[in-house]
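Scroll down for the structure; my scribbles are underneath it.
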Amino acid sequence: MTETQELEQLVQREYKYGFTTDIEQEIIPPGLDEDVVRMISAKKHEPEFMLEWRLSAFRHWQTMKEPEWAHVHYPKIDYQALSYYAAPKSQEELDADAPESLDDVDPKLLETYEKLGIPLHERAVLAGVKGANVAVDAVFDSVSVTTTFKEKLAEAGVIFCSFSEAVENHPELIKKYLGTVVPQGDNYFAALNSAVFSDGSFVYVPKGVKCPMELSTYFRINAKNTGQFERTLIIAEEGASVSYLEGCTAPQRDENQLHAAVVELVALDDAEIKYSTVQNWYPGDEEGKGGIYNFVTKRGECRGDRSKITWTQVEAGSAITWKYPSCVLKGDDSVGEFYSVAVGNNYQQIDSGTKMIHLGKRTRSTIVSKGISAGRAENAYRGLVHIGKTATGARNFTQCDSLLIGDRCGAHTFPYIEAKNASAQVEHEATTSKVSDDQMFYLRSRGLSEEDAMNMVVSGFCKDVFNELPMEFAVEAQALLAVSLEGSVG
Amino acid sequence: MALLEIKNLHAEIDGKEILKGIDLTVNAGEVHAIMGPNGSGKSTLCHVLGGRDGYEVTQGSITFDGHDLLEMETEERAVAGMLLGFQHPVEIPGVKNIYLLKEALNAKREAQGLDEIDTFTFMKQVRELVASMDMDDAFLHRGVNAGFSGGEKKRNEILQMLLLEPKLALLDETDSGLDIDALKVVSEGINRMRGEERGIILVTHYQRLLNYVEPDFVHVLYKGKIIKSGDKTLAHRLEAEGYQEILEEAS
């Protein structure tokens, strides 16, 4: 079977799922035209402005070409073969093709959960076992957790809800901010997302408010099965601050092959947004079959003076990752930071990095990128540091390190620097190293197993980034790396 | 029963035979020095004993504390009580020294069926050892050997030995690159490890270390064979006369 056929089959499978449902209205047949966009908007009961916004994005998308510059290879995607809307499935529908119990789940997956230290009762949910959501409600009492949590946030004036709810309840904020950081026509995938996005998160932190807790998608269990074209918008008003955690450290079952999400962050004067991601979508098997295409546009705008945006990411999953969380530093003295660990094993392909666009005076940015390649993975860092004419006294520091495990993988670095203001200071440091036999022998001679030795070297390599992760996340990220690199030694 | 018994050991790397029939017996409580000129096979012997990949044992046997050593992985040898002190200790950037110490100690405890050591006890023990090696606590929080001077690296090896309390310590040119003060500190560390239940093998070029750590036996390794063995006076002779005379005498 060729890869194209295989992809088609995956696409077909999705289509098939759609048609197994009895209620015809629940799913839109494959294909994409204006009617489909209208239908999505209608199903979500969106106001007129939202529909118009989607339509103009769609029209733009039609004029665009899929980008080919990334250092990744995949069979052509037939966008007309995808289905663009599936209403959140009911529990019975979810259960129809779910495993009966943990005994029916792939033992390999369970083994992974165990290594990650996922509690028993959570494993069932992650594996999509029948009725597990109910169990989780019982065990976690997630309803009450969510409620307490929402009350606390409401007291502080923070809005945290699904994107659809925000469109319904806070249309003025959506109108004001949507697409102002990532314009509809920004790139091919962003345009597609703008036309057909399904749901996502919305966060609004009013003036002067420090969000009283870390916001996490973990608290949005209800937003499951909406991941394919996710849309997230986070706004921090003057002097506000918020830390947002995205993702889950366990590999989730996911039927969608193509993910094209958009995340927009807006920081006004003196505001601070910290956005942390741990991404671990299905990477495909050891042979490179299957896996998610993760084509994501993430961008933050430091719109106000002295504002700060920090992206921290641990990218371990997906067959193909195409992702450049960026900062537009408009406000004077604003700060952009990007800390990244991207790990690829087997046949994974990663083309990731960041863009730091300096426009304001004395803007500062820091980029620390750690790429790890094992197996036959190809890992590319692609970064742009742009110092605009107006960015007097801007500074950037970039450190870009690659670690190779074995001799069949690849690491590539594509740093671009554009400085249009002579007062700017830009520093770039890059290293490439291999996990050496000497290091392995040394650690093993101290009693560490081969795997533990490898994990120690790798986590040492990633230390600068892990230090930036919220504490709890850092521990999980370390466990995740260990699992991702399994089988890469010996 | 001998702690370590090497019989007719032949080993090669990339098809080239380096060790050509070594016999050596080390009992608990003994300190042996293995001396020899460059290229005689000293480091190869250490690597073979440590179980490094790439070295092939073509003949002979090694028994360590009742185990068939050649059947054991490097880490199994370590937790069974063998410690290899490196000639060139390896840098592990980003990994705190104290973290490696704790992992290594716990690996050994696990093999002995003990629980992980509690942090309080561990810290107390490590701090005492660090002080005894004339080192600063800050050293524990630096990356393993990363940016260490030659002397610091060697002190670190001895620190690991003191903490892990091996049955057999195999120290490969621990004296190289040390100034006289560091040599004294390192030697004191080794002397503290001498004891009834422990064997020590010092692999060295020079007699210098042996002024501070007196060996019970001295062996001369040449072209992959031990050509002469004796007591500490052999080391003095080597120092005074050089290898040439001994080599001629042996052949």
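Note on naming: letters A, B, ... go to the chains in the order of the sequence lines (proteins, then strands), and numbering restarts at 1 for each one.
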Exercise. Is any residue of residues 38-65 of chain B within less than 4.5 Å of chain A by heavy atoms, and which ones?
Worked result: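 Within residues 38-65 of chain B, the residues under 4.5 Å from chain A are B:His47, B:Gly50, B:Gly51, B:Arg52, B:Asp53.
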Within a radius of less than 6.0 Å around [atom1] of [X], do more than 12 heavy atoms belonging to other residues, nucleotides or ligands occur?
X        : atom1 : value
B:Asp68  : CG    : yes
A:Asp437 : CG    : no
B:His88  : NE2   : no
A:Arg364 : CZ    : no
A:Arg395 : CZ    : no

Exercise. Between the side chain of A:Arg446 and the main-chain N/O of B:Leu84, is any donor-acceptor distance below 3.5 Å?
Worked result: yes
Exercise. Stepwise, does the side-chain contact (heavy atoms from CB on, under 4.5 Å) test hold for A:Val457 with B:Ile92?
Worked result: CA-CA 6 Å; A:Val457 175; B:Ile92 318 282; 4.2 Å; yes
Seminar exercise, completed: Per-residue tally against chain B (heavy atom, under 4.5 Å) across A:Lys463, A:Arg444, A:Met456 peaks at A:Arg444
So which residue, [options], ends up with the most heavy-atom pairs under 4.5 Å with chain A?
options                              : result
B:Glu76, B:Glu103, B:Glu75           : B:Glu75
B:Ala107, B:Pro166, B:Ala104         : B:Ala104
B:Lys108, B:Arg77, B:Met82, B:Glu157 : B:Glu157

Exercise. What's the spacing between B:Asn106 CG and A:Asp452 CG if we round to 0.5 Å?
Worked result: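 With rounding to 0.5 Å, CG (B:Asn106) is 11.5 Å from CG (A:Asp452).
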Exercise. Within a strict 4.5 Å, meaning less than it, do heavy atoms of the B:Val144 and A:Tyr442 side chains meet?
Worked result: yes
With a 4.5 angstrom heavy-atom cut-off, is it the side chain or the backbone of [X] that approaches chain A, or both, or neither?
X        : answer
B:Glu91  : backbone
B:Pro89  : both
B:Leu100 : both
B:Asn145 : side chain

Exercise. Of all heavy-atom pairs between A:Ser445 and B:Ala78, which one has the smallest distance, and what is that distance?
Worked result: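 In terms of heavy atoms, the two residues are closest at O-CB, 3.3 Å.
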Problem set entry | Portion of A:Phe461 that has a non-hydrogen atom of chain B nearer than 4.5 angstrom |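 When you check distances to chain B, only backbone atoms of A:Phe461 fall under 4.5 Å.
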